[in-house]
Amino acid sequence: MSSPETVVATATVVSTEVLSPHFIRIELGGEELADFGVDGPYLDQRIKLIFPPPGGTLPDLRAAGDNWYSVLAELPEGEQCHIRVYSVREVRGEGRDKRLLVDFVLHLEPGATGPAASWAAAAKPADNLIVVGPRIGADWGGIEYAPGADDRVVLAGDETAVPAISRILGDIADDVRGHVFLEVPVSADILDIAAPASILVSWLPRDGAGHGERLIPAVLDHLGTQQHQSVPDDEVDPDLWETSTYSSSEDDLDAPSAGGIPGVYVWIAGESKVVTTLRRHLVNDLGIDRSQVAFMGYWRRGVSMRG
Ligand SMILES: Cc1cc2nc3c(=O)[nH]c(=O)nc-3n(C[C@H](O)[C@H](O)[C@H](O)COP(=O)(O)OP(=O)(O)OC[C@H]3O[C@@H](n4cnc5c(N)ncnc54)[C@H](O)[C@@H]3O)c2cc1C
């Protein structure tokens, strides 16, 4: 039993497709996904994925409803599951034939991999995981993209934000103007994505450079400030989440801004230190208004995310 707002569905791998050296697309199906969905576009809709413990099986959450998290937390040690947050890349089909596509970043370097990336790398048809996400007709939340009246957008992110940004570009109106910056591990990770003609998409392969070394200067240069300084590690909140309606650092969302960048909505997601650095320059140097931005830490180097 899922709750009125939440679908908690055991889903089965239908197919896998290696898109590039660091991206694998996993198509999930199963009749429990029938009610999964939103009434409008998915944009950057986030979902939670629950992975089976190594060599173990998934719990039966069908009767848990909204208590799914407590049920998971009470499982004995060897049966504990990992929960991670991912984006809806695409939804195909209807009802019991619905398919959910998720693009996983493969980060498999020793010491820098985790249960989700490892599961995705080994996934094969008939493997299962649990999807926790929105129910059609209910207000589940989980979409942050909110440009309001701004008529120009700047979307920027690393490889973990490529699925969300690709979905946004597929969902927004054809006449939205703007610039997209996508930093990916290597040139071969540049994907063929659809975007409105009035949006310029710049792929920024690191090809050996560090995280943010391509993205930070490109975004700051585009927005009109060139000097930049990385924030110190001890000032990085791995769970950085700053939008027009929520501040993980409890900033005053109504504080007056310095005037910012009129008419531009900025959406940035990726490694938390990189996003924090960009945030600091956009807020401090450019005085961007809080209603015009979303800064989201999708992962943090050296930290296992808890979902
Ligand atoms: C709203 C939201 C949407 C997201 N959408 C997607 C998505 O669609 N696709 C996607 O792939 N990710 C997405 N992410 C990011 C994903 O949740 C994290 O990368 C997560 O940490 C992966 O879990 P894991 O079990 O593989 O690694 P964890 O157990 O969390 O971390 C283990 C180690 O791996 C490192 N690590 C984690 N992610 C990366 C990475 N990408 N590159 C290099 N090292 C890494 C950590 O620093 C840590 O050292 C999203 C995150 C959020 C918050």
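Sequential numbering from 1 along the given sequence is applied to the chain's residues. Treat the numbers as computed from the prediction; the structure is a model and nothing was measured. Just follow the structure's listing: the first ligand is 1, and inside any ligand the first atom is 1.
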For atom 52 (C) of ligand 1, which of F23, Y298, W241, W299 has the closest heavy atom? Y298
Between CD of E17 and CG of D103, what distance do you get to the nearest 0.5 Å? 8.5 Å
So, 4.0 Å and heavy atoms of A164: is ligand 1 close enough to count as a contact? no
Going by the order shown, which atoms of ligand 1 are within less than 4.0 Å of some heavy atom of R301? 47 (O)
State the atoms of ligand 1, each with its element, that fall below the 4.0 Å cut-off from a heavy-atom position in A117. 26 (O)
Protein contact to atom 48 (C) of ligand 1 [nearest heavy atom, distance to 0.1 Å]: V303 O, 3.4 Å
Do you know which two heavy atoms are closest between R214 and R206, and how far apart they sit? NH2-O, 3.5 Å
Who's closest to atom 9 (N) of ligand 1 heavy-atom-wise, of D103, L240, V105? D103
How long is the straight-line distance from OH of Y298 back to OH of Y86, given to the nearest 0.5 Å? 12.0 Å
Numbered in order shown, the ligand 1 atoms found under 4.0 Å of a heavy atom of R46 are 1 (C)
What part of V102, side chain, backbone, both or neither, has a heavy atom within less than 4.0 angstrom of ligand 1? neither
Using heavy-atom distances only, which candidate in P238, A269, S304 approaches atom 29 (O) of ligand 1 most closely? S304
Going by the atom numbers of ligand 1, which of them fall below 4.0 Å from some non-hydrogen atom of F104? 11 (O)
Would you indicate which of K48, E271, R84, Q45 comes nearest to atom 23 (O) of ligand 1 when only heavy atoms are counted? R84
Could you tell me the separation between the CD atom of E90 and the CD atom of E27, rounded to the nearest 0.5 Å? 9.0 Å
Would you kindly specify which portion of F51 sits under 4.0 Å from ligand 1, judged on non-hydrogen atoms: side chain, backbone, both or neither? neither
Between D207 (side chain) and S187 (backbone), is there a donor-acceptor pair under 3.5 Å? yes
Among protein heavy atoms, which lies nearest atom 6 (C) of ligand 1, and at what distance? T160 O, 3.4 Å
Can you check whether T225's main-chain N or O pairs, donor with acceptor, with H281's side chain at less than 3.5 Å? no
Could you check atom 7 (C) of ligand 1 against the protein and tell me its nearest heavy-atom contact, residue, atom and distance included? Y86 CD2, 3.4 Å
Specify side chain, backbone, both or neither for P163, according to which of its non-hydrogen atoms lie closer than 4.0 Å to ligand 1. side chain
Atoms of ligand 1 under 4.0 Å from any heavy atom of A116, numbered from 1 in the order shown, are 23 (O), 24 (P), 25 (O), 26 (O)
Closest protein heavy atom to atom 34 (O) of ligand 1, given as residue, atom name and distance to 0.1 Å: A112 O, 3.1 Å
Of R135, R96, K98, which is the lone residue that meets salt bridge (charged side-chain N to carboxylate O under 4.0 Å, His left out) with D35? R135
Just by distance, with hydrogens left out, do T276 and E235 show a side-chain donor and acceptor under 3.5 Å apart? no
shortest atom 32 (C) of ligand 1-to-protein heavy-atom contact is with T113 O, 3.2 Å
Using a 4.0 Å cut-off to any heavy atom of S87, which atoms of ligand 1 qualify? 3 (C), 4 (C), 5 (N), 6 (C), 7 (C), 8 (O)
What protein heavy atom sits nearest atom 16 (C) of ligand 1, and how far away is it? V85 O, 3.7 Å
Short side-chain to backbone donor-acceptor contact, D39 and G137, under 3.5 Å: yes
Quick note on ligand 1: atoms under 4.0 Å from a heavy atom of P115 include exactly 25 (O), 29 (O)
Tell me which part of M305 gets within contact of ligand 1: side chain, backbone, both or neither, using heavy atoms under 4.0 Å. both
Residues T10 and N128: side-chain donor-acceptor under 3.5 angstrom: no
Between R167 (side chain only) and R89 (backbone N and O only), is there a donor and an acceptor less than 3.5 Å apart? yes
Euclidean distance, S166 OG relative to D171 CG, rounded to 0.5 Å: 10.5 Å
With heavy atoms only and a cut-off of under 4.0 Å, state how R300 meets ligand 1: side chain, backbone, both or neither. backbone
Answer yes if the ring centres of F23 and F104 are under 6.0 angstrom apart, and no otherwise. no
Check: E183 main-chain N/O paired with D158 side-chain donor or acceptor under 3.5 Å: no
Logged contact type for D44 with ligand 1, heavy-atom cut-off 4.0 Å, is neither
What's the shortest distance from atom 42 (N) of ligand 1 to any protein heavy atom, and which residue and atom give it? H107 CB, 3.5 Å
Sub-3.5 Å donor-acceptor pair from the side chain of Q80 to the main-chain atoms of L75, do we have one? yes
